[in-house]
Novice: 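Pasting a structure below so you can have a look.
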There are 2 protein chains.
Amino acid sequence: MTEKDDFDLRNFMPFLLNLAAEQSSLGFQRTYKNRYGMLRTEWRVLFHLGNYGEMTAKEIGERAVMHKTKISRAVAKLSQRRYLTRTRDERDRRSERLALTPAGLVVYRELRQEAEAYEAQLGKQFTAGEVVLLRMMLRRLAGLD
Amino acid sequence: MTEKDDFDLRNFMPFLLNLAAEQSSLGFQRTYKNRYGMLRTEWRVLFHLGNYGEMTAKEIGERAVMHKTKISRAVAKLSQRRYLTRTRDERDRRSERLALTPAGLVVYRELRQEAEAYEAQLGKQFTAGEVVLLRMMLRRLAGLD
DNA sequence: GAATAATAGTTGATTTTGTAACTAACAAGA
DNA sequence: TCTTGTTAGTTACAAAATCAACTATTATTC
């Protein structure tokens, strides 16, 4: 140790959070990446449309806390793969209503099932109360509530 | 809702973790990025050397859970800025022992102080017991213990 | 002690992200 | 209506992360 030390990097919250986030993403990533060649941004978009129904890119951005350029590119890819359709909103022709195709819906259902299983598996390491508390703290740290 | 739904993306652990990690990194990033023009990879390397003393790139990689190419580039930058020195290890000439220069140490101390303050600020949102539990859970999720 | 494998670290090519500038459409006020 | 401002989304360029191939050195095995 160079310094007398009560401070350990491995307890530094941003570091720990990043590491935990990375690790926990890794397991699930195998599913959408290896199985469907998708990026994280893409499955998030897919997921939003599957989970909450038709919406615009902007709405997705707000809900998923993603920058609009990420969304724009993810939408382009998903549309290319015929997982979603884009239809100009006639009431505001700047924006488009995005909706999953039947093919997109199939993939969504599959991924969602995987996600639920993965979530359950992660949760098994802790008590139900701990998980609730963890979620609450993460939501606060994420600035969600 | 397209599906009947007990599952909400905003409660999905990998999503929440990523968001919380991003947000919590952002605040601290201002310090090392704006003040010293450093990248996250760079400050992590600097931090390890300041916190745990002289070591090799490989050891940093293991402790910080960072890929060797990231470290290689971070070390190059830090060395360029004269924040650290590299001396070939004569017992194994493949590796180098990395150590902070006095200038590097100054920056480390400054950043470390900022880090502690930032950590304290984050912690204020929760009780001491909650923070302890959160750390424990994150360490587990990160695969650290 | 060659030959082969493994390791520390670097480099280059590719992919992905981030930033800023842009287009097209709408909104509001004079 | 004309100007000015705002918003949805895209695109181009720069920064960064990822992946694979490479050099130099050490370890292993026959």
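What you see is a predicted model, and the numbers here were worked out from it, not measured in a lab.
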Novice: Show me, range against range, the stems involving DNA chain C, built from at least 3 consecutive Watson-Crick or G-U pairs below 3.5 Å.
Specialist: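 Counting only runs of 3 or more consecutive pairs, the stems involving DNA chain C are C:1-30 with D:1-30.
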Novice: Tell me every residue that passes side chain to side chain donor-acceptor pair (under 3.5 Å) with A:E90, counting only those two or more places apart in sequence or in another chain.
Specialist: A:R93
Novice: Once you round it to whole Å, what is the distance between P of C:dT16 and CZ of A:R40?
Specialist: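 Atom CZ in A:R40 sits about 13 Å away from atom P in C:dT16.
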Novice: Between protein and nucleotides 10-15 of chain C, map the contacts as a letter string: B base, S sugar-phosphate only, - none, heavy atoms under 4.0 Å, written 5' to 3'.
Specialist: BBBB--
Novice: Give a yes/no answer on whether the side chain of B:K70 brings an N or O atom under 4.0 Å of OP1 or OP2 in D:dT18.
Specialist: yes
Novice: Round to the nearest Å and state the distance from A:E90 atom CD to C:dC26 atom P.
Specialist: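 Atom CD in A:E90 sits about 9 Å away from atom P in C:dC26.
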Novice: Among D:dA17, C:dT17, D:dT25, find the nucleotide with the atom closest to the side chain of A:T41.
Specialist: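 For the A:T41 side chain, the nearest candidate turns out to be C:dT17.
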Novice: Tell me whether B:R88 contacts the main-chain N or O of B:R94 through its side chain, where contact means a donor paired with an acceptor under 3.5 Å.
Specialist: yes
Novice: Compare all side-chain heavy atoms of A:Y36 with those of A:Y83 and state whether any distance is below 4.5 angstrom.
Specialist: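 A side-chain contact under 4.5 Å exists here.
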Novice: Pairs in or reaching into residues 133-143 of chain B: which pass salt bridge (charged side-chain N to carboxylate O under 4.0 Å, His left out), with residues at least two apart or in two chains?
Specialist: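 Matches after skipping sequence neighbours: B:E119-B:R135, B:R139-B:D145.
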Novice: Find the distance A:K58:NZ to C:dA25:C1' and express it as a whole number of Å.
Specialist: 14 Å
Novice: Between A:F28 and B:F12, is the ring centroid distance below 6.0 Å?
Specialist: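 Under 6.0 Å, so yes.
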Novice: I'd like to check A:R10 versus A:L19 (side-chain heavy atoms, cut-off strictly below 4.5 Å). Are they in contact?
Specialist: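 Of all side-chain heavy-atom pairs linking A:L19 with A:R10, none is under 4.5 Å.
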Novice: To the nearest angstrom, how far is A:H67 atom NE2 from C:dA21 atom P?
Specialist: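 Taking NE2 of A:H67 and P of C:dA21, I get 13 Å after rounding.
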Novice: Establish whether the base of D:dT7 is bridged to the side chain of A:R94 by a donor-acceptor pair shorter than 3.5 Å.
Specialist: yes
Novice: Got a sec, which pairs hit salt bridge (charged side-chain N to carboxylate O under 4.0 Å, His left out) with one end in residues 63-78 of chain A, sequence neighbours left out?
Specialist: A:E42-A:K77
Novice: Between D:dA17 atom C1' and B:M66 atom CE, what is the distance in whole Å?
Specialist: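 The answer, rounded to whole Å, is 11 Å.
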Novice: For DNA chain C, which residues in residues 14-33 of chain B have a heavy atom at a distance below 4.0 Å?
Specialist: none
Novice: For B:D92 and D:dA27, give me the distance from atom CG to atom C1', rounded to whole Å.
Specialist: 10 Å
